[in-house]
Student: 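One structure, as C-alpha cells, below. Some questions next.
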Amino acid sequence: MDNQLAITEIEVLIKRATLVSLVLIVFILGWIFVLPKLQVSDPYVDSVLALKGDPIRGQDIFLYNCAGCHAWQASSQVGPSLQDVSQRKSEVKIIQQVIGGNTPPMPKFQPNVQEMADLLSYLETL
C-alpha cells in the first residue's frame, strides 16, 4: 500500500514538473518571438518601415549628419564603423539608435520618416 502511495506521489510530481516545464517553454518562446514584434509598435518606426527609401538621398543625409563621426570603410574618429551595420542590427534598432541619442556622444537626430527611410536604405548599401 505504501508503495502505491509513493508511486502516485511520484506521478503527481512528474506531472507538475512537466506542466511547469511546458509553461516555461511557452514563456521563453513568447519572449523570443512575440516581444520583439511588440516593440515595433512605435508609430514613427511603423511609418518609416512602411516607406521605400532612396539610397541616394540617404547618402546625402549620411554625409551631412553622420559621416563626421562614422566611417563606413575603416575605423573612424568618434563613432564605430557602420560598414555592414544592417547585418549587425535590425532596422528597428538602427532607427532607435539614430533618434534616441542614448549613446553619448551621439546626438539625438530627428529626421522625418522619409529621411529616416532614405538613411536606412543607404546604410543597407554599406
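Since we're looking at a predicted model, the values are computed, not measured. As a basis for the values below, the full set of heavy atoms in this structure was taken, side chains included, without hydrogen atoms, waters or symmetry mates.
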Student: Please enumerate all residues that pass salt bridge (Lys or Arg N to Asp or Glu O under 4.0 Å) together with Arg88, with sequence neighbours excluded.
Tutor: none
Student: I'd like to know if the side chain of His70 reaches the main chain of Ser81, judged simply by a donor and an acceptor atom lying under 3.5 Å from each other, with no hydrogens or angles considered.
Tutor: no
Student: Roughly how far, to the nearest 0.5 Å, is CD1 of Ile14 from CD of Glu9?
Tutor: 12.0 Å
Student: Return a table of donor-acceptor pairs under 3.5 angstrom between the side chains of residues 109-117 and protein atoms on other chains or two or more places apart.
Tutor:
{"residue": "Gln110", "atom": "NE2", "partner": "Ile99", "partner atom": "O", "Å": "2.9"}
{"residue": "Asn112", "atom": "OD1", "partner": "Gln114", "partner atom": "N", "Å": "3.0"}
{"residue": "Asn112", "atom": "OD1", "partner": "Glu115", "partner atom": "N", "Å": "2.8"}
{"residue": "Gln114", "atom": "NE2", "partner": "Lys52", "partner atom": "O", "Å": "3.4"}
{"residue": "Gln114", "atom": "NE2", "partner": "Asp118", "partner atom": "OD1", "Å": "2.8"}
{"residue": "Glu115", "atom": "OE1", "partner": "Asn112", "partner atom": "N", "Å": "2.9"}

Student: Does the side chain of Asp84 come within less than 4.5 Å of Leu126's, by heavy atoms?
Tutor: no
Student: State the CD1-CG distance between Ile61 and Leu120, to the nearest 0.5 angstrom.
Tutor: 10.0 Å
Student: When rounded to the nearest 0.5 angstrom, what distance separates CE in Met106 from SG in Cys66?
Tutor: 6.5 Å
Student: Below 4.5 Å, heavy atoms only, C-beta onward: do Asp60 and Tyr122 meet side chain to side chain?
Tutor: no
Student: So, do Leu19 and Lys15 sit near enough that their side-chain heavy atoms are less than 4.5 Å apart?
Tutor: no
Student: Between Gly53 and Ser121, which heavy-atom pair has the shortest distance, and what is it?
Tutor: O-OG, 3.3 Å
Student: Under 4.5 Å between side-chain heavy atoms, counting indirect links through other Ile/Leu/Val/Met/Phe/Trp/Tyr residues: same cluster for Leu29 and Val26 or not?
Tutor: no
Student: Other members of the hydrophobic cluster containing Ile56, with the 4.5 Å side-chain heavy-atom rule, please.
Tutor: none
Student: Hey, what do you get for CG (Leu119) to CG (Asp54), rounding to the nearest 0.5 Å?
Tutor: 12.0 Å
Student: Applying side chain to side chain contact (heavy atoms under 4.5 Å, CB included), can you list everything that pairs with Leu22, at least two apart in sequence or on another chain?
Tutor: Thr18
Student: Going from CG on Leu123 to NZ on Lys89, what distance comes out if it is rounded to the nearest 0.5 angstrom?
Tutor: 11.0 Å
Student: Any side-chain heavy atom of Gln97 within less than 4.5 Å of one from Ile94?
Tutor: no
